[in-house]
Amino acid sequence: MLEVDDLTVAYGGVVALNGVSLQVPEASITTVLGANGAGKTTLVRAISGLVAARGGSVRVDGTALTGMAPERIARLGVAHVPEGHGVISELSTEENLRLGCLWLGGANDRRAATEEAYELFPPLAARRRLPAANLSGGERQMLSIARALAARPRVLLLDEPSLGLAAVILAQIMQRLRELARSRNLAVLLIEQNARSALSVADEAVVLSLGSVVARDRAERLARDESLRHAYLGF
């Protein structure tokens, strides 16, 4: 579903991504791991059109995305949940969800998408009238993911969903992501610093260091590679 081939991104003279390639099939999760500065956030920003690539290509279901505006990429079914939750604090929970499904076909589709979000993340239902600013960190992360899913994407890009979350909330969100990937045939690209948590739900894993791929394998095999874990993943 998602194909990244030889992607290179530079900020001035600094190369942030150097020939990165990966694939994410539908109904699966691929996690990209690495330390701060490895290029993880640049990767998802390049896929979603927020930064320009110097070279390489990105395709979704065979359609080339390189050079497209972010809104066109979103309409092709790519949803991006940025680092730091990305909700609009002044709007209510329900208003945030409505934003996610603005371009769905009709009012009935939009209403159904909003109700699906509450079914996926029940804590949000009781807070539908509250401003997003009043939600806990875990609830804001649920809302960010739910809003992205309300657009009914084919590809979901998640940048550091664990940031600032308690371990029990993170475990719930990760488990829900795994269920969603299967039930909705989603291709999920999960950017994470919490390697242990990400590897527990991912099918495939890619490790970045200084903008380059240094390892790629099935998640469970990579998790067992002690020397790699110590060198790049911190556990």
Side-chain angles (χ1 to χ4, degrees), residues 1-11 13-48 51 53-59 80-84 141 145 155-182 186-235:
M1 179 58 72
L2 173 65
E3 299 172 273
V4 177
D5 185 34
D6 201 27
L7 190 65
T8 298
V9 175
Y11 300 107
V14 178
V15 176
L17 289 180
N18 185 17
V20 171
S21 299
L22 57 85
Q23 296 183 345
V24 187
E26 65 179 15
S28 75
I29 299 175
T30 294
T31 186
V32 179
L33 307 170
N36 281 333
K40 305 186 302 296
T41 291
T42 296
L43 174 62
V44 289
R45 286 174 61 82
I47 293 169
S48 60
V51 298
R54 177 177 287 183
S57 64
V58 178
R59 294 179 177 273
H80 180 183
V81 179
E83 181 182 351
Q141 190 59 274
I145 297 169
V155 176
L156 180 63
L157 310 175
L158 285 166
D159 192 0
E160 301 284 9
S162 71
L163 201 64
L165 296 187
V168 64
I169 299 297
L170 175 60
Q172 292 170 2
I173 288 177
M174 288 295 188
Q175 184 56 41
R176 184 53 53 91
L177 282 177
R178 188 172 183 84
E179 294 165 1
L180 285 168
R182 304 294 189 268
L186 272 175
V188 178
L189 186 64
L190 173 63
I191 305 300
E192 258 303 335
Q193 269 195 292
N194 188 326
R196 194 189 302 272
S197 178
L199 290 169
S200 73
V201 298
D203 300 286
E204 301 285 334
V206 175
V207 181
L208 290 183
S209 179
L210 300 176
S212 297
V213 175
V214 294
R216 184 196 333 261
D217 207 337
R218 295 289 296 175
E220 66 270 17
R221 283 201 293 267
L222 197 147
R224 292 196 299 267
D225 188 329
E226 189 171 340
S227 61
L228 183 74
R229 289 192 288 108
H230 290 333
Y232 294 106
L233 305 180
F235 75 99

J.: Looking at every non-hydrogen atom in both residues, tell me the closest pair between Pro161 and Ile191 and how far apart they are.
T.: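 What the structure gives for the nearest pair is CD-O, 3.5 Å.
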J.: Between atom OG of Ser28 and atom CZ of Arg178, what is the distance when rounded to the nearest 0.5 Å?
T.: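 That separation rounds to 10.0 Å.
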J.: Grab the two heavy atoms, one from Val214 and one from Leu208, that are nearest each other, plus how far apart they are.
T.: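 So the minimum-distance heavy-atom pair works out to CG2-C, 4.4 Å.
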J.: Hey, what do you get for CG (Leu170) to CZ (Arg196), rounding to the nearest 0.5 Å?
T.: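 Between Leu170 CG and Arg196 CZ, I get 12.0 Å after rounding to 0.5 Å.
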J.: Does Val155 form a side chain to side chain contact (heavy atoms under 4.5 Å, CB included) with Leu189? I'd like the steps, not just the answer.
T.: CA-CA 8 Å; Val155 176; Leu189 186 64; 5.7 Å; no
J.: Would Leu177 and Leu156 satisfy side chain to side chain contact (heavy atoms under 4.5 Å, CB included), going step by step from the backbone distance to the final call?
T.: CA-CA 10 Å; Leu177 282 177; Leu156 180 63; 4.2 Å; yes
J.: Testing the basics here: between Leu222 and Ala205, what is the closest heavy-atom pair and its distance to 0.1 Å?
T.: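 Result for this residue pair: CD1-CB, 3.9 Å.
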J.: What salt bridge (charged side-chain N to carboxylate O under 4.0 Å, His left out) pairs are there with at least one residue in residues 200-213, not counting sequence neighbours?
T.: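 Sorted pair list: Arg182-Asp203, Glu204-Arg218.
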J.: Using side-chain heavy atoms (C-beta onward) and a distance below 4.5 Å, is Val20 in contact with Val206?
T.: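 A side-chain contact under 4.5 Å is absent here.
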J.: In Å and rounded to the nearest 0.5 Å, what is the CD to CD1 distance from Gln175 to Ile173?
T.: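 Between atom CD of Gln175 and atom CD1 of Ile173 there are 12.0 Å.
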J.: Ignoring hydrogens and geometry, is there a side-chain-to-backbone donor-acceptor pair from Lys40 to Ala35 under 3.5 Å?
T.: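 Looks like yes, one N/O pair under 3.5 Å.
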J.: Can you check whether Val213 reaches Ser21 side chain to side chain, under 4.5 Å on heavy atoms?
T.: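 Answer no - side chains too far apart.
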J.: Nearest 0.5 Å, please: how far is CZ in Arg216 from OG1 in Thr30?
T.: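 Separation between the atoms: 10.0 Å.
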J.: Work out which heavy atom in Gly34 is nearest to a heavy atom in Gln193; give both atom names and the distance.
T.: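 Looks like O-CG, 3.8 Å.
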J.: With a 4.5 Å limit on heavy-atom distance, are the side chains of Met1 and Val24 in contact?
T.: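 They are not in contact (no side-chain heavy atoms under 4.5 Å apart), so the answer is no.
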J.: Any heavy-atom pair between the side chains of Val188 and Val201 that's under 4.5 Å?
T.: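 SC-SC contact between Val201 and Val188 ruled out.
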J.: Any idea which heavy atoms bring Val9 and Ala53 closest together, and the distance?
T.: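 For Val9 and Ala53, the tightest heavy-atom pair comes out as CG2-CA, 4.0 Å.
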J.: Any idea which heavy atoms bring Ala219 and Ala202 closest together, and the distance?
T.: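 What the structure gives for the nearest pair is CB-O, 3.3 Å.
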J.: Without hydrogens or angle criteria, can the side chains of Asp225 and Ser227 be said to hold a donor-acceptor pair below 3.5 Å?
T.: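 The answer is yes; a qualifying pair exists.
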J.: Would you indicate whether the side-chain heavy atoms of Gln141 and Ile145 approach each other to under 4.5 Å?
T.: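 Yes, close enough: below the 4.5 Å cut-off.
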J.: Working to the nearest 0.5 angstrom, can you tell me the gap between Leu186 CG and Leu2 CG?
T.: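 Here the interatomic distance stands at 12.0 Å.
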J.: Testing Thr41, Leu43, Val81, Leu190 for side chain to side chain contact (heavy atoms under 4.5 Å, CB included) with Asp159, which one passes?
T.: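 The passing option is Thr41.
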J.: Kindly indicate whether the side chain of Val15, heavy atoms from C-beta on, has any atom under 4.5 Å from the side chain of Leu210.
T.: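 The answer is no; the side chains never approach within 4.5 Å.
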J.: Find the distance between OG1 (Thr31) and CE (Met174) and round it off to the nearest 0.5 Å.
T.: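 Here the interatomic distance stands at 7.0 Å.
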J.: State whether the side chain of Arg229 and the backbone N or O of Ala223 hold a donor-acceptor pair below 3.5 Å, judged by distance alone.
T.: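 Judged by distance alone, yes, a pair lies under 3.5 Å.
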